[in-house]
Structures are given as C-alpha cells and as structure tokens.
Amino acid sequence: DEAASAALSKITECIKQDSTLYTTALNQLKSLASQLETRIYERQELIQDPESPKVMMITCCDSRVSPNMILQAHPGDVFTVRNVANLVPPYERQGDYHGTSAALEYAVCFLKVEQIIIMGHSNCGGIRALMTKDEAELKAGVNKTDFIDTWMRLGLPARERTHRYASHLSPEDQLCYCEKESVNVSLANLLSFPWVKEAVNQGNLSIHGWYYNMTACSLSTWTMRLHVSEYEIWD
C-alpha cells in the first residue's frame, strides 16, 4: 500500500546516503534473488519429475524423531514409512489393510530402492508399552486398546529375547536392548517378503538396522549380509 511504499522509499534513501551500506545491501539482495530463483527451479523440477529415491526408511512415528534431519536429506531423497515402534509385519496376504507392506512393495517393486533402513530409537513409547505389558494379559490375549496392543504383538520376539539375554540389566537398559532387538525382528520379517529376499540375494538391495539415541545424539548401525539363508546372520 502507499504507506509501505513510502516507508520503503525512505529506507532506500537512508541506505543510499552510505554508499558502502548500499552496495552491501544490494549485493545481498542479488544473492538472495539468485538463491530463490534456484530453489524455485529445483522445486518445479521435483514436482514435475516422478520420484526416484534410492533409500527407503521405516521408522517410528514419534514426533521427536525426524528422519530428514538425521539424514540431512532433501525432499525426494528418502521414501519414508512411519508407524508405531518402526515395526515390519511378516509377509501375509490375509486381511485387507496392510499399510506398511503396501509401501514396502511399492518401494522395492516399483521405485526399485537400493537400501532399506529400519531405524529404532531410544525412549520409544511403543517398546516401553510392550516391555511393561502384563505377562498374564499377553498369554490370555487381552487387548486394552483397539489397535495398539495387536500391532505391538509384532515385537513379542524382541521382548522374549530381551528377557532371555538381558534380564540381568536395569529396566532402562532392558528397554534399550528391546528397542534394538525390535529392529532385528523387523529386519528378519523383511526377508519373509519374497521380492525383498530375491532383491537382497541378487545384490540389488541391502537392508540395514539403525538405532538413534536421542539423549546422546548418537547413531548405531548394522547391516545384513548380502546373501541370506534361512538363518539370521548379521554384521
């Protein structure tokens, strides 16, 4: 409006009175304009072209975990699936709704991703709920929620391994152990999908386990060997 234009004109006149300040401001404006032009072009290119990410990440829907921030990735770099406790169900075709499995099929069979990362994290509410679930309720199949309890049963092998191999640890350390074991369970479940196992054995796909410690801001990684048998073999 007229008031804004008048104010801008006054500021411009003040800057022009100091030639050094004027030159600096002008150069900064030119640089900003160039950056904006580049970003607009990149965004148009990103929108117009089909997506072609090389990496798929399956991680938790915890709001404190940001895959793009951790990877320093840009839009279009990573095909991301988020669910409670970053779990991958085993391959099965019964039932009608398989969100994670459908995304996995799209990534492997159509996008042809070359890497799949399953990233767990510290202080995971889903894994804590799994670890503190009453044993009697588990055996009886008691569900106190509509969906969460059933979903978290996918992590029961991780809970069992934690009780078997880490029962001497403190409750918090057991939680950490289970968070990592749940990633291994999901990695094993990945190989139950025939087209995932085929791509891995052909060397076209590698799968990785990551664990993000939010408190220490550290990342632990491990990789499944390229040739897989019926046994779980980890590097």
Side-chain angles (χ1 to χ4, degrees), residues 42-62 65-121 124 126-127 151 154-155 157-158 161 179-213 218-235:
E42 289 175 347
R43 184 167 181 81
Q44 289 175 338
E45 190 177 50
L46 179 67
I47 295 171
Q48 291 172 357
D49 295 339
E51 64 171 327
S52 57
K54 300 301 181 185
V55 177
M56 176 185 191
M57 175 173 279
I58 301 172
T59 190
C60 187
C61 53
D62 190 304
V65 178
S66 174
N68 278 27
M69 183 185 73
I70 294 169
L71 291 169
Q72 294 294 292
H74 298 288
D77 289 346
V78 183
F79 185 73
T80 306
V81 174
R82 305 185 70 160
N83 62 40
V84 174
N86 43 267
L87 295 172
V88 175
Y91 177 82
E92 61 96 9
R93 299 179 64 180
Q94 296 179 350
D96 297 320
Y97 306 106
H98 303 284
T100 299
S101 300
L104 184 61
E105 182 179 19
Y106 182 65
V108 174
C109 299
F110 295 92
L111 293 178
K112 305 293 183 183
V113 296
E114 298 172 0
Q115 316 279 339
I116 297 178
I117 301 166
I118 299 177
M119 185 174 72
H121 68 95
C124 179
I127 298 300
W151 174 256
L154 292 170
R161 291 178 193 173
E179 288 164 346
K180 294 177 181 179
E181 274 301 317
S182 70
V183 173
N184 285 337
V185 169
S186 289
L187 287 171
N189 283 344
L190 276 179
L191 295 177
S192 68
F193 292 82
W195 17 268
V196 171
K197 187 171 183 178
E198 180 182 12
V200 170
N201 280 329
Q202 290 178 349
N204 298 324
L205 175 68
S206 59
I207 57 181
H208 314 270
W210 284 15
Y211 179 76
Y212 175 55
N213 187 317
S218 63
L219 189 67
S220 305
T221 67
W222 57 100
T223 302
M224 177 174 279
R225 295 176 186 173
L226 288 179
H227 184 77
V228 293
S229 66
E230 297 304 316
Y231 301 95
E232 298 172 31
I233 304 175
W234 314 98
D235 285 335

query: Given the rule in the side-chain contact (heavy atoms from CB on, under 4.5 Å) test, do Thr100 and Leu87 qualify, once you have shown the distances and angles that lead to the verdict?
result: CA-CA 9 Å; Thr100 299; Leu87 295 172; over 6 Å; no

- prompt: Are Val200 and Leu190 close enough, and set up right, to give a side-chain contact (heavy atoms from CB on, under 4.5 Å), and what steps lead you there?
  reply: CA-CA 10 Å; Val200 170; Leu190 276 179; over 6 Å; no

- request: Let me see the working for Asp62 and Tyr212 under side-chain contact (heavy atoms from CB on, under 4.5 Å), right down to the final yes or no.
  value: CA-CA 12 Å; Asp62 190 304; Tyr212 175 55; over 6 Å; no

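Minimum interatomic distance between Cys60 and Cys124 (heavy atoms only, all atoms of both residues): SG-SG, 4.3 Å. Minimum heavy-atom separation, Arg82 to Pro67: NH1-CD, 3.7 Å. Between Asn83 and Ile58, the shortest heavy-atom distance links the atoms ND2-CG2, 4.4 Å. Nearest heavy-atom pair across Gly126 and Val84 is CA-CG1, 4.4 Å. Nearest heavy-atom pair across Asn189 and Val88 is ND2-O, 2.8 Å. A pairwise comparison of heavy atoms in Gly209 and Val183 identifies CA-CG1, 3.7 Å as the closest pair.
Annotation: side chain of Met56 is in contact with side chain of Leu104 (closest heavy-atom distance under 4.5 Å). Side-chain contact between Val185 and Leu154: absent, with no pair of heavy atoms (C-beta onward) separated by less than 4.5 Å. Looking at heavy atoms from C-beta onward, Leu111 lies in side-chain contact with Glu51 at the 4.5 angstrom threshold. Between Ile116 and Val108, the closest side-chain pair of non-hydrogen atoms falls below 4.5 Å. Side-chain contact check for Ser186 versus Asn86: every heavy-atom pair is 4.5 Å or farther apart.
Between the side chain of Thr59 and the main chain of Met119, a donor-acceptor pair closer than 3.5 Å is present.
Asp77 is linked by a salt bridge (charged side-chain N to carboxylate O under 4.0 Å, His left out) to nothing, counting only residues two or more places apart in sequence or in another chain. Evaluation of the ring-ring contact (aromatic ring centres under 6.0 Å, His included) rule for Phe193 yields Tyr91, Trp195 as partners, not counting sequence neighbours.
Note: Met57 CE to Thr80 OG1 = 7.0 Å, rounded to the nearest 0.5 Å. For the atom pair OG of Ser52 and NZ of Lys112, the computed distance is 14.0 Å after rounding to the nearest 0.5 Å. Put simply, OG1 on Thr223 and CD1 on Ile207 are 9.5 Å apart, with the number rounded to the nearest 0.5 Å. Rounding to the nearest 0.5 angstrom, the gap separating the CD1 atom in Ile118 from the CG atom in Leu187 is 4.0 Å. Within the model, atoms CD of Glu92 and OG of Ser192 stand 9.5 Å from one another, a figure rounded to the nearest 0.5 Å.
Between Tyr211 and the options Glu179, His121, Lys180, a side-chain hydrogen bond (donor to acceptor under 3.5 Å, both in side chains) holds for only Glu179.
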